[in-house]
Chemist: 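Below you'll find the structure I mean.
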Amino acid sequence: MKFTIEEVTVYFPYDNIYPEQYAYMIELKRTLDAKGHCLLEMPTGTGKTIALLSLITSYTLSKPQSPLKLIYCTRTVHEMEKTLAELRLLHDYMVKSIGPAAKMLALGLSSRKNLCINNRVLAAENRDSVDAGCRKLTASWVRAVAAENPDVPSCEFFEQYERAGDAAVLPPGVYTLQDLRVFGKQKGWCPYFLARHMVQFANVVVYSYQYLLDPKVAAIISKEMQKESVVVFDEAHNIDNVCIEALSVSVRRQTIDGARRNINRMRQEIDKFKATDAGRLRAEYNRLVEGLALRGDLPAADGWLANPALPDDILKEAVPGNIRKAEHFVQVLRRLVQYLEGRLETENVEKDNPVSFVSSILNQAGIDQKTLKFCYDRLHSLMMTLEITDTDEFLHVQTICDFATLVGTYARGFSIIIEPFDERMPHIPDPVLQLCCHDASLAIRPVFERFQSVVITSGTLSPIDLYPRLLNFHPVVSRSFTMSLTRDCICPMVLTRGSDQLPVSTKFDMRSDPGVVRNYGRLLLDMASVVPDGIVCFFVSYSYMDGIVNSWNESGILRDIMQYKLVLIETQDVVETTLALDNYRRACDCGRGAIFFSVAR
């Protein structure tokens, strides 16, 4: 169907529209007209995604003189694929209604692991290993050697993509990750680098939050995005946590041990280059005297993660003299690792602020604040000079330099917390030093400042007036919508007593009581025996969920529950949780039924 909202003709690919969808579009149009930002809350299942896509694409179509780019951010790959499927349906309807004038280019962008079609690289176990496997075949120095020696392996898909040059483009259409892989195989081009190249020309880009909020990724992937863009953060009820995690770093004993191995390897490589190609190290030194090389000058395949600090906070000046020479920088890293190892040797929880922590590093390790600020970029320069491609092996020293750069850059909005053990296992020493960001507005501030409109939307944003304070912005529209129901299908109940009439509650002083745990388990068992398909059970925290599930397992309640339904559990790993949700849906669809244990946040 198509209809008009003021002067904009909206193309909507379904025959019916909910009243809240129409009201949602009106508020969204007000935001676009005002060239400002907005907060929109609408319950899950009311068609929020298609309402967003329909209004923004129709709005852009109505203003050909000032086209808007849509940057749609999702939390998971599964949500990305769902969004692109809806967009394809909309695109087909618009082309059918208007003709070729409605054609657009829309694509999803994900990691190499989700887009690579080289079987040798895909054989790696995880994302970091796939990234490193790709660099081993596509780095400029590897390709230079492979051009002279056919026995040196390279990636035929990347080589063909490079040879195609300007001809390597995507025709108009909507491309899911699978579509990109199929297209890449047909043309013999690398779909990952093709997608990265086409992002700047696409009308609609769908990718992860991190590609805009994590400075290390955003500086590489999103630096070419135009200001005249609408950024949508979908399912953004946890966006403050995402922002905080993007600027937080944890250092453990494993990190210290791994960083030492990395430093020893770099020292060996430096000695080798001194003996065989000292001119390369001298050239790097001269370049650092003038200032770090701009990343924009690097080939796309050579680009590593960018500086973890926000763009406006990165110093635009020459590297300090004490770390310009490669061997001097390695010595600085050794002293920093030794200092951090000493701080991990604690029996009590310690809290510090960045200013006093940096002062302590200066007094005990002789490393000043400016040197700390440059650690990450100096590491990147050294890795490039030493032509290191197995970057997955250097994640530990990268974490140390992340930590150093952030703690040296920010004096406010952060705390350093040192814990001697995990609260869930207090008898096992597992110290962790955390640089914790407390200010969610830091990571998202460049997005608000850079793009014309930012839409933060979700099924649950209550209390909605909290988000402007958390993220430090002023929305031109802030609105919450209700769901249209044709019948009473929600029955809220508050349980105060179990089947044995004992009180039940998740209050802190009662939640671990054996009677409360037992009664909640019996309630879930009784529900599982009569409720068809799916049940979602929320817990107050991950640690509480772990404790309850263990108790139910020991008492046999969990075994009894699984006689009726499968049990799937949310974890703090996004990939595992996405897989669990997918299996939960499949179990409900096939009639087996499932219970999903989740954490209420």
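Computed from a predicted structure; not experimentally measured.
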Chemist: Is Y18 atom OH crowded by more than 12 heavy atoms from other residues, nucleotides or ligands, each under 6.0 Å away?
Modeler: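 No, the 6.0 Å shell around OH holds no more than 12 heavy atoms from other groups.
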
Chemist: Can you tell me if CZ on R586 sees more than 12 non-hydrogen neighbours from other groups inside 6.0 Å?
Modeler: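 No - once you tally the heavy atoms of other residues, nucleotides and ligands closer than 6.0 Å, there are 12 at most.
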
Chemist: Once you round to the nearest 0.5 Å, how far does CG of L61 lie from CG of N203?
Modeler: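 If I round to the nearest 0.5 Å, the distance is 10.0 Å.
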
Chemist: Nearest 0.5 Å, please: how far is CZ in F12 from CD1 in I17?
Modeler: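 That separation rounds to 4.5 Å.
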
Chemist: Check K35 with E228, please: is the shortest side-chain N to carboxylate O separation under 4.0 Å?
Modeler: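 Salt bridge flag = no for K35 with E228.
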
Chemist: Does R88, at its CZ atom, have more than 12 non-hydrogen atoms belonging to other residues, nucleotides or ligands within less than 6.0 Å?
Modeler: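 Above 12, so yes.
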
Chemist: For L177 and G108, work out which heavy atoms get closest and say how close.
Modeler: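 Scanning both residues, the minimum pair turns out to be CD2-O, 3.7 Å.
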
Chemist: Do other residues, nucleotides or ligands put more than 12 heavy atoms under 6.0 Å from the CG atom of N16?
Modeler: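 For N16, atom CG is not crowded (no more than 12 foreign heavy atoms under 6.0 Å).
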
Chemist: Treating Y175 as the side-chain partner and L84 as the backbone partner, does any N or O pair qualify as donor plus acceptor under 3.5 Å?
Modeler: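 Not confirmed, Y175 side chain does not pair with L84 backbone.
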
Chemist: What residue among E156, E162, E148 forms salt bridge (Lys or Arg N to Asp or Glu O under 4.0 Å) with R143?
Modeler: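 Only one of E156, E162, E148 forms a salt bridge (Lys or Arg N to Asp or Glu O under 4.0 Å) with R143, namely E162.
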
Chemist: Check for me whether K63 meets the cation-pi criterion with Y59, that is, NZ or CZ under 6.0 Å from the six-membered ring centre and within 45 degrees of the ring axis.
Modeler: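 Cation-pi check for K63 and Y59: passes.
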
Chemist: Is there a donor-acceptor pair closer than 3.5 Å between any side-chain N or O of S229 and the backbone N or O of Q226?
Modeler: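 Indeed, once roles are kept as given, a pair shorter than 3.5 Å links the two residues.
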
Chemist: List the steps, then state whether salt bridge (Lys or Arg N to Asp or Glu O under 4.0 Å) holds for E20 with R479.
Modeler: CA-CA 11 Å; E20 57 267 30; R479 179 82 186 274; over 6 Å; no

Chemist: Taking all non-hydrogen atoms of both residues, which atom of K103 and which atom of P172 are closest, and how far apart?
Modeler: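 Scanning both residues, the minimum pair turns out to be CB-CB, 4.2 Å.
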
Chemist: List the steps, then state whether side chain to side chain contact (heavy atoms under 4.5 Å, CB included) holds for V10 with M25.
Modeler: CA-CA 9 Å; V10 179; M25 290 183 185; 3.9 Å; yes

Chemist: Please verify the inter-ring angle class for Y584 with F596; under 30° counts as parallel, over 60° as perpendicular, anything in between as tilted.
Modeler: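 The arrangement is tilted - the two ring planes meet at 30° to 60°.
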
Chemist: Assess the residue pair L109 and R196 against the criterion (side chain to side chain contact (heavy atoms under 4.5 Å, CB included)); give the C-alpha distance rounded to whole Å, side-chain angles, the decisive distance to 0.1 Å, and a yes or no.
Modeler: CA-CA 7 Å; L109 180 63; R196 270 185 57 176; 4.1 Å; yes

Chemist: Is there a side-chain contact between Y72 and L53, using heavy atoms and a 4.5 Å cut-off?
Modeler: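 They are in contact (side-chain heavy atoms under 4.5 Å apart), so the answer is yes.
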
Chemist: Side chains of Y207 and I221: does their closest heavy-atom pair fall under 4.5 Å?
Modeler: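 They are in side-chain contact.
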
Chemist: Ignoring hydrogens, what is the shortest heavy-atom contact between K69 and V199? Give both atom names and the distance.
Modeler: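 Heavy atoms only, the tightest pair is NZ-O, 2.9 Å.
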
Chemist: Can you check salt bridge (Lys or Arg N to Asp or Glu O under 4.0 Å) on E27 and R30, steps first, answer last?
Modeler: CA-CA 5 Å; E27 298 300 334; R30 282 181 55 206; 2.5 Å; yes

Chemist: Keeping the roles fixed (side chain from R181, backbone from N114), state whether a donor-acceptor pair exists under 3.5 Å.
Modeler: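 Yes, because the side chain of R181 sits within donor-acceptor range (under 3.5 Å) of the backbone of N114.
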
Chemist: Rounded to the nearest 0.5 Å, how far apart are CG of L87 and CG of D92?
Modeler: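 Spacing of CG (L87) from CG (D92) equals 9.5 Å.
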
Chemist: Heavy-atom distance under 4.5 Å between the side chains of V205 and L70, does that happen here?
Modeler: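 No - every pair of side-chain heavy atoms lies 4.5 Å or more apart.
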
Chemist: Determine the minimum heavy-atom distance between C134 and V121, stating which atoms define it.
Modeler: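 What the structure gives for the nearest pair is N-CG1, 3.8 Å.
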
Chemist: If we only count heavy atoms from C-beta on, is the V230 to L32 side-chain gap below 4.5 Å?
Modeler: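 V230 vs L32: side chains touch.
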
Chemist: Applying side chain to side chain donor-acceptor pair (under 3.5 Å), can you list everything that pairs with S248, at least two apart in sequence or on another chain?
Modeler: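 Result, side chain to side chain donor-acceptor pair (under 3.5 Å) vs S248: none returned.
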
Chemist: Just so I know, are the side chains of L579 and E576 near enough to count as touching, which here means a heavy-atom distance under 4.5 Å?
Modeler: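 No - every pair of side-chain heavy atoms lies 4.5 Å or more apart.
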
Chemist: Counting N and O atoms only, with roles assigned by atom type, does the side chain of E570 sit under 3.5 Å from a partner on the main chain of V599, one being a donor and the other an acceptor?
Modeler: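 Side chain of E570 to backbone of V599, a donor-acceptor pair under 3.5 Å: yes, one is there.
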
Chemist: Report yes if the side chains of R112 and R135 come closer than 4.5 Å at any heavy-atom pair, otherwise no.
Modeler: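 Yes. Closest side-chain heavy atoms under 4.5 Å.
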
Chemist: Does atom NZ of K136 have more than 12 heavy-atom neighbours, drawn from other residues, nucleotides or ligands, at distances under 6.0 Å?
Modeler: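 Enclosed: over 12 neighbouring heavy atoms sit under 6.0 Å from NZ of K136.
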
Chemist: Going by atom types only, do S110 and Y192 share a side-chain donor-acceptor pair under 3.5 Å?
Modeler: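 Their side chains do not contain a donor-acceptor pair, so the 3.5 Å distance test is not met.
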
Chemist: Once rounded to the nearest 0.5 Å, what's the spacing between atom NZ of K227 and atom CZ of R450?
Modeler: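 These two atoms lie 10.0 Å from each other.
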
Chemist: What's the spacing between L39 CG and S480 OG if we round to 0.5 Å?
Modeler: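 Going from CG on L39 over to OG on S480, the span is 10.5 Å.
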
Chemist: Step by step, work out the side chain to side chain contact (heavy atoms under 4.5 Å, CB included) result for Y11 and T57.
Modeler: CA-CA 9 Å; Y11 296 89; T57 53; over 6 Å; no

Chemist: Kindly determine whether F451 and M225 satisfy side chain to side chain contact (heavy atoms under 4.5 Å, CB included), including the steps that lead there.
Modeler: CA-CA 9 Å; F451 296 108; M225 297 298 190; 3.7 Å; yes

Chemist: Ignoring hydrogens and angles, tell me if any N or O in the side chain of S208 forms a donor-acceptor pair with the backbone of Y211 under 3.5 Å.
Modeler: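 Between the backbone of Y211 and the side chain of S208 there is no qualifying donor-acceptor contact (under 3.5 Å).
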
Chemist: Tell me, with the steps shown, if S462 and E41 meet side-chain hydrogen bond (donor to acceptor under 3.5 Å, both in side chains).
Modeler: CA-CA 8 Å; S462 300; E41 179 187 34; 2.9 Å; yes

Chemist: So, using side chain to side chain donor-acceptor pair (under 3.5 Å) as the criterion, who are the partners of T389 when residues are at least two apart?
Modeler: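 Per chain and number, T389 pairs via side chain to side chain donor-acceptor pair (under 3.5 Å) with no residue.
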
Chemist: Shortest non-hydrogen contact from S129 to D392?
Modeler: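 Where S129 meets D392 most closely, the heavy atoms are OG-OD2, 3.4 Å.
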
Chemist: Quick check: does any side chain N or O of N126 sit under 3.5 Å from a backbone N or O of D128, one acting as donor and the other as acceptor?
Modeler: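 Present.
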
Chemist: What residue among T457, L212, V455 forms side chain to side chain contact (heavy atoms under 4.5 Å, CB included) with F233?
Modeler: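 Result: among T457, L212, V455, L212 is the only option passing the side chain to side chain contact (heavy atoms under 4.5 Å, CB included) with F233.
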
Chemist: Is there a side-chain contact between Y24 and L55 in this structure, where contact means two heavy atoms from C-beta onward sitting under 4.5 Å apart?
Modeler: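 The answer is no, as the side chains (C-beta and beyond) never meet within the 4.5 Å cut-off.
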
Chemist: How far apart are the closest heavy atoms of A236 and Y209, and which atoms are they?
Modeler: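 Nearest pair, atom of A236 first, then Y209: CA-OH, 3.3 Å.
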
Chemist: Do the ring centers of F597 and F538 come within less than 6.0 Å of each other?
Modeler: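 Distance test on ring centres: not under 6.0 Å, no.
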
Chemist: For the side chain of T405 and the backbone of Y376, is there at least one donor-acceptor N/O pair under 3.5 Å apart?
Modeler: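 Yes; judged by distance alone, with no hydrogens or angles, the pair exists.
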
Chemist: Any donor-acceptor pair under 3.5 Å linking the side chain of H237 with the backbone of L461?
Modeler: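 No, H237 side chain to L461 backbone: no donor-acceptor pair under 3.5 Å.
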
Chemist: Given L471, which of D439, L466, V447, I444 fulfils the side chain to side chain contact (heavy atoms under 4.5 Å, CB included) condition?
Modeler: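 Going through the options one by one, the only one that passes is I444.
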
Chemist: Can you classify the ring geometry of Y161 versus H197 as parallel (below 30°), tilted (30 to 60°) or perpendicular (above 60°)?
Modeler: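 Taking H197 first and then Y161, their aromatic rings stand perpendicular (interplane angle over 60°).
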
Chemist: Are the side chain of Q21 and the backbone N or O of T46 linked by a donor-acceptor pair below 3.5 Å?
Modeler: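 Indeed, once roles are kept as given, a pair shorter than 3.5 Å links the two residues.
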
Chemist: Within the 4.5 Å heavy-atom criterion, are S54 and P13 side-chain neighbours or not?
Modeler: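 SC-SC contact between S54 and P13 confirmed.
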
Chemist: Rounded at 0.5 Å granularity, tell me how far CG in L170 sits from NZ in K187.
Modeler: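 Output value for this atom pair is 10.0 Å.
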
Chemist: Taking T83's backbone N and O only, do any of them form a donor-acceptor pair with T49's side chain (distance below 3.5 Å, no angle check)?
Modeler: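 No, T49 side chain to T83 backbone: no donor-acceptor pair under 3.5 Å.
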
